[in-house]
Structures are given as structure tokens and as C-alpha cells.
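What follows is a short report on a single structure.
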Amino acid sequence: PTKVSKICCIGAGYVGGPTCAVIALKCPHIQVTIVDLNKSRIDAWNTPDFKLPIYEPGLEDVVRQCRGRNLFFSTDVDKGIQEADLIFVSVNTPTKKSGVGAGFAADLKYVESATRQIAAVATSSKIVVEKSTVPCRTAESMRTILEANSKPNCRFDILSNPEFLAEGTAINDLFKPDRVLIGSLQTEEGKEACEKLKEVYANWVDPTRILTVGLWSSELTKLAANAMLAQRISSINALSAICEATGANIDEVAYSIGFDSRIGPKFLKASVGFGGSCFQKDILNLVYLSESLHLKEVAEYWRQVVEMNEYQKRRFSKRVVDTLFNTITGKNIAVLGFAFKADTGDTRESASITLIRDFLKERANVSIYDPQVPHEQIWQDLEEACGDMGIEEIKSSVTLRPTALDATQCADALVIATEWKEFREGIDWQTVYDGMNKPAFVFDGRLILGLEEAERLRRIGFKVTVIGRGNGM
Ligand code: NAI
């Protein structure tokens, strides 16, 4: 069978962009075209000075090496489809906002319209790869759509190839994936298509890390992996509440349980709650799937992982209010970090948004600093989150600042909401203290202050509260 020589990726977002840029880098013999309907996004990918639409360490370097060589970005979706022998569908699959399954099920309208477009314009056979995270059995729907609309002599083979990269470390994750998962129908043709995609990855991934399984297993694995990762966070966050109430220290607990080889040390960091576009969406998706299968107890089990995350965010904003003598009305709160985690400009489901919404509801004044998130994004997120407040009202209580130090001027409290390295290492605490109202409160929602640093801050004069530790720790 012939090898893949032209790849098209539909969707130039956080997943499609980095994954296919890395394929282009590692496979110079393959032409890769990433297409998107969003013109401003494509324009940004094509900017001469590489002002890319997403911030991801190492990404610019990869794009610089390949763009114009064997990596192209375009809004011509039809041409991209026609030329390719393998097509990644990497469009967004957000939670449905209305209709059946609203609030839980994945909205597949983008996947469906991309699939219909493939069927409509393809004039030769294609391997269609589901890269987006989708509910179980979506590949089946895609196949039905493709087969019902295809031209004669066009064969479509569908593969599931979910993406496991994490934002902030995407390039490293793509260079050295823990595993690449490919699901296919267990037919002759299905296995052959699977083999072709496997060959693409084998250009840089150790073959023992390329796992091939059935289509449905592959689809379910992605939801399951995210559910289990999020569950670790919710478990450690649940324990952090016990620590705060007892004098135990969540970092010490996490460190000690992580030594158990059956548990392992990773992903046990307590925080103000997980965010990002995937964890909540994918768990809700799993909950919806379980309910559709009449597995009520299973649905409830996973739903609790999301519940615990909401509780953690609520608990933290309440601790801020309680500590500031039960009222923050009219007080100035500096929020450091708006992205959902460090090393990304992505704000989807960021815990910071929920905290700021809570502070605004208490009629506090909020000043915000984040090193990567564009200001328009912050305004848009706050407007969406604070449904009953208009943007003018929000703007009268919120200011966006160019540095962390600026944000803390005349603040009564400083809240660390994202674990940016510069908050860990680059803050001159004495200067911050001098500029704040007294008593000056610090709330560390990301465990960036160790026991000793917290002590040092207290010696300067700060009142310090750290997630997962009792007052005074
Ligand atoms: P995104 O929203 O950043 O990108 C999706 C892009 O698809 C958008 O630019 C949109 O304009 C484009 N698009 C939608 N319909 C289209 C169509 N018919 N034709 C052409 N372009 C179209 O989303 P993101 O974050 O890249 O996620 C994509 C998928 O990957 C989702 O299913 C997500 O669950 C999954 N995923 C995301 C991860 C992440 O860290 N963001 C990690 C692993 C999986």
C-alpha cells in the first residue's frame, strides 16, 4: 500500500496547530496543510513575525522550521481536503448549551459539518482521523455520513486517534508522547488504514508506544484518561480541605502518598481547582454516556469529580472573604494569573474567572495581571461569567495591569490564581508589601509558597493563607 504523502488537518486550534506542526517537522517528506474557517486565526499562523494565535513554549521554533517548507496554513478547506490522503478532524467539541443533553453532552455540530464537507468535496479515497475528543461511537456516525454522501470510487476509512498533549507542555508531549493511540475497525481495510497512520508516527515515536485498539476503545480511552487525571486532582483537593481544618500539610501528604509506586508522584498538586477546556467537558461527557446507558451509579461517581472542583473554587473564595473580616465590599483584590494554568494563554474554564466573579459579586474591586492572556480575552470571559453584570459595570470594578507589582498597588489582598514561574521566583515581596494596604493579605491558591517562604512573608508583615494548609502554616 502507498504511504501517506499529504495530510490535511481541519481545525487550527490548540490541538490541530501543534500536533500537525510537529508532524511536519518530524516528517519532512509529508506535506501538511492546516485549514480553518476562522480567517483571523489562519492569518495569525501566517504572520511574518510569527505572532502565533496560541502561546505554547517551543511552538514558534517548530513553525519557523517548517512553515512554507512542508507546513501550510490556509482557509481553503476544500482544497486542503481534496489534496490530502489523510485528514485529521481537530475541530472543537464543546459542551452543548441547549437541547437534549444540554450541560453534559458534547456538541458535535463542528465535527459533523467538517465530516459533511469532506464527503461533499472529496474526489478520491481518504483516511479520516478523528482527533477531536468525541463521545463513544462518533466514528460510526462519521462513517454513516461519509458513506451516504460519497462519490463513486471514494473510500473512507475512519480512525480514532485522540490527542493526549497537555497545554503548556504540548511540544514536549508531542515529541515524546507517553503513547500514541490509534483505534480502527478490526477489518482488513481498517487495519491497513491504521498501519498507514502508525507509519507516520513511527518517524519519531518508538513503535512500542504506538498502541492500536478497536475504535470504541480508543474513543472511550480519551474520556477515561481525562476523567482519571481530573479525579486525582479532585481527590487531592478534597484532602486539602481536611488539611486546612487539621494542621496537616497537603504538600507533605501528597509527597508521601506519591511514593507508593501504585499511586506515583505526578498530578497530585492541590490547587484552587482544575480548569482548561477538556477535563470538565470530557467528564460531563462520560456522565452523559453513563446516563444514556442507564448506569446511574457510574454517572454519579464521575459527576462528583466535577462537583468537588466547584466546591474547591467556592471554598477558596469563601476563605478570602472570611479572612478579610467577613467582607470584601469596596476592598481591592489583586489577582495574579488569569490563564487556567502556567505556560498557556488559554483561559477556558479557568478557576481565576470563577474567583473574580465571586469577588465582583461581593462588590470588591479587582485588579488583574497575567503575563500571556490578551486583555480582550479577559473582558470577554468576565462578561460571559458575570451574566447579570454589563461590561460597563464590570469595567468600573476591574482594572487590568501591566505587571504583577502594578496589580498589587494599594491592594488589600493578593490572590495567586495561576502558577506562573514569575510569581514563584520574580516577586519582590518587600516592595509589594510596601505598596499594599495594611494588613496586607496573601492567598496562595497554587502552592507556590513553601513553608519557609510563607514564614518569610509573615516576617515581612503579610498575613498569609495557603491552600491545603491551616492558618499560620
Ligand atoms: P480550538 O477551539 O482551539 O480549535 C478548533 C478549531 O476548529 C477552531 O479554530 C475552529 O474555527 C475550527 N473549526 C471548527 N469547525 C470547523 C470546520 N467545519 N472547518 C474548519 N475549521 C473548523 O479547540 P482545541 O482546543 O484545539 O480542541 C480541539 C479538539 O481537541 C476538541 O475536541 C478537544 O476536546 C480536543 N483536545 C483538546 C486538548 C487541549 O488541550 N486543548 C487536548 C486534547 C484534546
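Note that ligands are numbered from 1 as they come in the structure, with each ligand's atoms numbered from 1 the same way.
For the pair Lys26 and Tyr201, the cation-pi test (distance below 6.0 Å, angle within 45°) is failed.
Under a 4.0 Å N-O distance rule, the pair Glu291/Arg303 qualifies as a salt bridge. A salt bridge is defined here as a Lys NZ or Arg NE, NH1 or NH2 lying under 4.0 Å from an Asp or Glu carboxylate O, and Lys191 with Glu195 fails to meet this definition. Residues Lys126 and Asp157 are not paired through a salt bridge, judged by the lack of any N-O separation under 4.0 Å between the basic side chain and the carboxylate.
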*Are Lys313 and Glu310 close enough, and set up right, to give a salt bridge (Lys or Arg N to Asp or Glu O under 4.0 Å), and what steps lead you there?*
CA-CA 5 Å; Lys313 292 187 271 187; Glu310 293 303 314; 3.4 Å; yes
Are there any protein N or O atoms under 3.5 Å from the N or O atoms of ligand 1? List them with distances, or say none.
from	atom 1	to	atom 2	distance (Å)
ligand 1	3 (O)	Tyr14	N	3.3
ligand 1	3 (O)	Arg41	NH1	3.2
ligand 1	3 (O)	Arg41	NH2	3.2
ligand 1	4 (O)	Arg41	NH1	3.4
ligand 1	9 (O)	Asp36	OD1	3.4
ligand 1	9 (O)	Asp36	OD2	2.6
ligand 1	9 (O)	Arg41	NH1	2.7
ligand 1	11 (O)	Asp36	OD1	2.6
ligand 1	18 (N)	Ser113	OG	3.4
ligand 1	21 (N)	Leu37	N	3.4
ligand 1	25 (O)	Arg348	NH1	3.4
ligand 1	25 (O)	Arg348	NH2	2.8
ligand 1	26 (O)	Tyr14	N	3.0
ligand 1	26 (O)	Val15	N	2.9
ligand 1	32 (O)	Thr93	OG1	2.6
ligand 1	32 (O)	Thr133	N	2.9
ligand 1	34 (O)	Thr133	OG1	3.4
ligand 1	34 (O)	Lys281	NZ	2.5
ligand 1	40 (O)	Glu167	OE2	3.1
ligand 1	41 (N)	Glu167	OE2	2.7

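Ring geometry, Phe73 versus Trp45: the interplanar angle falls under 30°, so the pair is classed parallel (tilted spans 30 to 60°).
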